[in-house]
Amino acid sequence: MAVSRAPETESELLSRAHALAGLTLAELGQRLGVPVPADLTRAKGWFGQALERALGATASSRAAPDFEALGVELKTLPVGAKGVPCESTFVCTIDLSRIGDVDWTTSLVRKKLARVLWAPVEGARDIPVPARRIGTALLWSPSADDEDALRFDWEELAGIIGRGDVENLTGHLGRHLQVRPKAASSRSRRRGVDGEGASFAALPRGFYLRASFTARILAERFGAPGSNAGDQYGV
DNA sequence: TATTGATCATAT
DNA sequence: ATATGATCAATA
């Protein structure tokens, strides 16, 4: 397989992704000529990065969509035995000192989620990583209802941060979107702004999509969770 | 056991 | 340090 050139159209991208459905991660690693980790503890981004290479993503480690020419973001989606996502999905980091001046329309969350290639993969911890199978990817954009719901959460969460109350924000808030730490460790700090406009050192945070939200995306495409147990999403 | 808070790797 | 890619693991 080797590293691919960038796909020129969405349909080319989707074809490439579909050609990987059913492969194990061991087979993907072999095709790419990269070793497959025995577990993900020290290789949490392995599948996402391997997939970027396999599909010809153009923006590794840069603040741009994975497929720049297409405006498509790639997100892997680990799913459990019942075909339900077993983790939340990281969306983007938050500029704590400026988000109060941003609105939903120009937000990074909206931009990132405008067009996403979701790539399901078996994520149950009792399946050895090399044996996990890749599912059938799907291209997605939020419906009008999705966008209304995301905007509602975003405005609530961004509003709290904008008021300088980030320290009172927990992962419990938000129906679909939530804010959680996104850092090397709990000692990490970055600049935040308090209610008086004064600068302070805050734990870095990011926006995440709850698993219940991504579950709906898969269900809309593939049917109710568990309706095809063991064979969900082509995995 | 589902969810929140913490953490790990790599590239620039 | 900050961006990218996420999952781990303690807690409720």
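So you know, we letter chains A, B, ... as the sequences are listed, proteins then strands, and number each from 1.
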| said: Quiz question: by atom type and distance under 3.5 Å, do the side chains of A:Arg180 and A:Ser88 form a donor-acceptor pair? | reply: yes
| For A:Arg205, what residues pass the side-chain hydrogen bond (donor to acceptor under 3.5 Å, both in side chains) criterion, not counting sequence neighbours? | A:Glu167
| Whole angstrom value for the distance that separates C1' of B:dT4 from CZ of A:Phe207 | 16 Å
| remark: Sequence neighbours excluded, the answer for salt bridge (Lys or Arg N to Asp or Glu O under 4.0 Å) partners of A:Asp146 is A:Arg216
| task | Check whether more than 12 heavy atoms from other residues, nucleotides or ligands sit under 6.0 Å from atom CZ of A:Arg189, and answer yes or no. | result | yes
| said: Taking only side-chain N and O atoms of A:Lys75, does any of them lie within less than 4.0 angstrom of OP1 or OP2 on C:dT4? | reply: no
| request: To the nearest Å, give me how far apart CZ (A:Arg205) and C1' (B:dA6) are. | output: 12 Å
| query | Considering the terminal five base pairs at each end of the helix from B:dT1-C:dA12 to B:dT12-C:dA1, what angle separates the two local helix axes, rounded to 10°? | reply | 30°
| So what does A:Thr76 touch, heavy atoms closer than 4.0 Å: a base, only the sugar-phosphate, or nothing? | sugar-phosphate
| query | For A:Gly45, which contact category applies under a 4.0 Å heavy-atom criterion: base, sugar-phosphate, or nothing? | reply | base
| Checking all strands, does A:Pro78 fall into the base, sugar-phosphate, or nothing category for heavy-atom contacts under 4.0 angstrom? | sugar-phosphate
| Going by an N to O cut-off under 4.0 Å, is there a salt bridge joining A:Asp101 and A:Arg98? | no
| remark: Side-chain contact check for A:Arg210: nearest option of C:dT4, C:dT2, B:dT4 is B:dT4
| request: For A:Arg187 and for A:Leu173, locate the closest nucleotide of DNA chain B by heavy-atom distance; then report the residue assigned to the nucleotide nearer the 5' terminus. | output: A:Leu173
| Between P of C:dA3 and NZ of A:Lys111, the distance in whole Å | 15 Å
| field | Test item: side-chain donor near acceptor, A:Asp145 and A:Ser143, under 3.5 Å | value | no
| message | Output the rounded distance in Å from CZ (A:Arg190) to C1' (C:dA1). | response | 9 Å
| Can you list the residues that meet the side-chain hydrogen bond (donor to acceptor under 3.5 Å, both in side chains) rule with A:Glu155, with sequence neighbours excluded? | none
| message | Looking at every non-hydrogen atom in both residues, tell me the closest pair between A:Leu157 and A:Leu177 and how far apart they are. | response | CD1-O, 3.6 Å
| remark: Rounded to whole Å, CD of A:Glu167 lies from P of B:dG5 at a distance of 12 Å
| Should side-chain heavy atoms under 4.5 Å link Ile, Leu, Val, Met, Phe, Trp and Tyr, which residues sit in the same cluster as A:Phe90? | A:Tyr208
| message | Which is more 5' along DNA chain C, the nucleotide nearest A:His172 or the one nearest A:Arg125? Just name the residue. | response | A:Arg125
| Is it true that the side chains of A:Asp95 and A:Thr93 contain a donor and an acceptor less than 3.5 Å apart? | no
| message | Heavy atoms within less than 4.0 Å of DNA chain B: which residues of residues 178-185 of chain A have one? Give them sorted by number. | response | A:Gln178, A:Arg180, A:Pro181, A:Lys182, A:Ala183, A:Ala184, A:Ser185
| message | What's the closest nucleotide to the side chain of A:Leu40 if the choices are C:dT4, C:dT7, B:dG5? | response | C:dT7
| task | Rounded off to whole Å, could you give me the CG-to-P distance for the A:Leu51 and C:dT4 pair? | result | 18 Å
| field | Distance, rounded to the nearest Å, where A:Asp95 contributes CG and C:dT2 contributes P | value | 10 Å
| said: Just the rounded figure in Å: distance from C1' of B:dT7 to NZ of A:Lys44. | reply: 4 Å
| message | Any side-chain N or O of A:Ser186 below 4.0 angstrom from OP1/OP2 of B:dT7? | response | yes
